[in-house]
Undergrad: 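This structure is in structure tokens; I'll ask about it shortly.
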Amino acid sequence: MADDPERLVTDALRAQATSTNAGFVAHVPIADERPAPVSVWWVLGLALLLGLAAGTVAAVITLS
């Protein structure tokens, strides 16, 4: 037990690193499917509804 503390810590860390699954990589399958693209009509419809809602709020604030 004449070893210095640094040597003991080094040996303990080395033993722990070799006893665990260090370096083991689990391969995760990647989905090949891409999400369906959003239709242009949906984007235009949402923009129209957002514009109408913003215009309504602005009109209510202005007229009150």
Side-chain angles (χ1 to χ4, degrees):
M1 298 309 263
D3 291 338
D4 60 339
E6 292 176 2
R7 177 73 179 192
L8 290 174
V9 170
T10 303
D11 290 340
L13 289 174
R14 187 173 290 127
Q16 183 182 7
T18 57
S19 68
T20 59
N21 289 333
F24 177 73
V25 178
H27 295 287
V28 178
I30 299 173
D32 292 336
E33 297 180 15
R34 295 181 69 183
V38 179
S39 173
V40 174
W41 295 111
W42 275 105
V43 174
L44 289 175
L46 289 175
L48 178 66
L49 289 175
L50 183 61
L52 287 173
T56 302
V57 169
V60 167
I61 291 173
T62 303
L63 295 176
S64 61

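Side chains are part of it too, since the values below use all heavy atoms of this structure and drop only hydrogens, waters and symmetry mates.
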Undergrad: List the residues meeting side-chain contact (heavy atoms from CB on, under 4.5 Å) with T62, not counting sequence neighbours, and say none if there are none.
TA: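 Result, side-chain contact (heavy atoms from CB on, under 4.5 Å) vs T62: none returned.
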
Undergrad: Transitive ILVMFWY cluster of L48 at side-chain heavy atoms under 4.5 Å: who else is in it?
TA: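 In the cluster with L48 are L52.
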
Undergrad: With a 3.5 Å cut-off and sequence neighbours excluded, list the donor-acceptor pairs that the side chains of residues 6-13 form with protein atoms.
TA:
{"residue": "T10", "atom": "OG1", "partner": "E6", "partner atom": "O", "Å": "2.8"}

Undergrad: Check which hydrophobic residues are tied to W42 through side-chain heavy-atom contacts below 4.5 Å, counting indirect links as well, and list them.
TA: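 Direct or chained contacts put W42 with V38, V43.
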
